[in-house]
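The structure appears right after this line, and notes come after that.
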There are 2 protein chains.
Amino acid sequence: MTVEPKKYAEGSFTDDYLLFLLAQASAVASEAFHAELRNSGLRVSTWRILASLYPEEVLTVGALAQTCLLKQPTLTRALDRMERDGLLKRVHSTKDRRSVFVKLTPQGHELTQEKVHMAKSHERRILSGFTKPQAAEIKNVLHSLLDRLGHRKKLTEKRAETDPL
Amino acid sequence: MTVEPKKYAEGSFTDDYLLFLLAQASAVASEAFHAELRNSGLRVSTWRILASLYPEEVLTVGALAQTCLLKQPTLTRALDRMERDGLLKRVHSTKDRRSVFVKLTPQGHELTQEKVHMAKSHERRILSGFTKPQAAEIKNVLHSLLDRLGHRKKLTEKRAETDPL
DNA sequence: CGCGAAAATATTACTTTGAATATATTCCAA
DNA sequence: TTGGAATATATTCAAAGTAATATTTTCGCG
């Protein structure tokens, strides 16, 4: 990325502290889209669950909790609501009967598709402030952070292979 | 940053969606440090407030809510607790009597100093997985995102200049 | 001026979250 | 093979968050 390095010699310690920069960038970037979601009657957590299962993922509750950044008890209750509303269904694993797989229903898929369009549109809007290579670099940086922090590995292991019919 | 571009052609839509990458990077990067904080008896929100005021910032409640990513009512209650515990104090602005400035007490400053050391140590640990230029590039990307999204501007306007003695 | 709209913070009432725990199942070592 | 540790999910309940609203003060305009 070839943007001039800025020195925020401002005041607070937080002005150049990695965890704050990440949290703030995430919050500020998401703000507008999250407002759209709520206006259309969806909570952020519901959206994250739907999006993580889109288009055809089948994940255990635990794996889903990780991608969605939700604690397991929070997720379980969200799943209750969404299952009741016909957006997804739970399938008990036959191999390990402790595990529960989650997948979208056709109805859930349809709703998600619509929101994914909104999400992509919003993403384009944000990245439109950057050149193509800059935009690529932003995602690149985030991908490598996640890799180094050993995030993705754990998750892909949990993706259902063939179990749930 | 010169890390090879990885294609997560995995499965889910979210695997290359900016807002998810940001939220996940933030969560995963913070995980360990936030656990440290809780073990030492501090909530994340309390830490954010302390850190935002360190070393000698004087911010209004509203400005503080923004940097800390807290809703104003949430912050007000946290400030009640922290003021009660002697970590900070509120000073009513004389220019605009609606505004309330917040600043650390010496005791709050001392506690924060200690935690800031932990935070910096943790940050080094995370960035140690990268070369110097890569690490710089990570922060660079986040700074430019925040700039383009028009974050910092609003905040610096709210920093107290000379009002609270 | 004076009054209605806007702004900053506090308060209230309700909802959501999550740490701790329970339950069910699987894994593993003796 | 069996009993204890580990794992996956569900449940519970106290704590934290927040939308809506109240309160106080300032601003802008006729």
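Computed from heavy atoms alone, side chains included, the values below leave out hydrogens, waters and symmetry copies. Per chain, numbering begins at 1; letters A, B, ... match sequence-line order.
With sequence neighbours left out, A/Glu83 forms a side-chain hydrogen bond (donor to acceptor under 3.5 Å, both in side chains) with A/Arg90. Here B/Arg77 pairs with nothing under the side-chain hydrogen bond (donor to acceptor under 3.5 Å, both in side chains) rule; sequence neighbours left out.
Regarding A/Lys71, its NZ atom lies at a distance of 17 Å from the P atom of C/dT21, rounded to whole Å. Note: CG (B/Leu69) to P (D/dT18) measures 11 Å, nearest angstrom. Rounded to an integer number of Å, the gap from CZ of B/Arg97 to P of D/dT23 is 18 Å. Between the CG atom of B/Leu75 and the C1' atom of D/dG17 there is a distance of 12 Å, rounded to whole Å. Computed from coordinates, the A/Asp96 CG to C/dT25 C1' distance equals 7 Å when rounded to whole Å. The distance from atom NZ of B/Lys95 to atom C1' of D/dC27 is 17 Å, rounded to the nearest whole Å.
Remark: the backbone N or O of A/Leu70 is not paired with any side-chain donor or acceptor of A/Thr74 at under 3.5 angstrom. Judged purely by atom type and a 3.5 angstrom limit, B/Ser30 uses its side chain to pair as donor or acceptor with the backbone of B/Ser26.
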How would you summarise protein contacts on nucleotides 9-16 of chain D per nucleotide, using B for base, S for sugar-phosphate only and - for none, with heavy-atom distances below 4.0 Å?
BBB-B--S

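No continuous path of ILVMFWY side-chain contacts below 4.5 Å connects B/Leu79 to B/Val44, so the two sit in separate hydrophobic clusters.
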Start with the C-alpha gap between A/Val102 and A/Lys89, add the side-chain angles, then the distance that decides, and say whether side chain to side chain contact (heavy atoms under 4.5 Å, CB included) holds.
CA-CA 6 Å; A/Val102 183; A/Lys89 64 180 167 190; over 6 Å; no

Stepwise side chain to side chain contact (heavy atoms under 4.5 Å, CB included) check, A/Phe20 with B/Leu69:
CA-CA 10 Å; A/Phe20 263 62; B/Leu69 310 174; over 6 Å; no

Show the numbers, then the answer: is there a side chain to side chain contact (heavy atoms under 4.5 Å, CB included) between A/Trp47 and A/Val116?
CA-CA 9 Å; A/Trp47 153 246; A/Val116 164; 4.1 Å; yes

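Within a heavy-atom distance below 4.0 Å of DNA chain D, no residue of residues 46-54 of chain A is found.
Note that CD1 of A/Ile126 is 10.0 Å distant from CZ of A/Phe33, once rounded to the nearest 0.5 Å.
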With a 3.5 Å cut-off and sequence neighbours excluded, list the donor-acceptor pairs that the side chains of residues 34-43 of chain B form with protein atoms.
{"residue": "B/Asn39", "atom": "ND2", "partner": "B/Ala35", "partner atom": "O", "Å": "3.4"}
{"residue": "B/Ser40", "atom": "OG", "partner": "B/Leu37", "partner atom": "O", "Å": "2.9"}
{"residue": "B/Ser40", "atom": "OG", "partner": "B/Lys115", "partner atom": "NZ", "Å": "2.9"}

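Each end of the helix from C/dC1-D/dG30 to C/dA30-D/dT1 gets its own axis, taken as the rotation carrying the C1' atoms of four end pairs onto the next four within a five-pair window, and the two axes meet at 30° to the nearest 10 degrees.
Counted within 6.0 Å of CD on A/Glu110, heavy atoms from surrounding residues, nucleotides or ligands total 12 or fewer; the atom is thus considered open.
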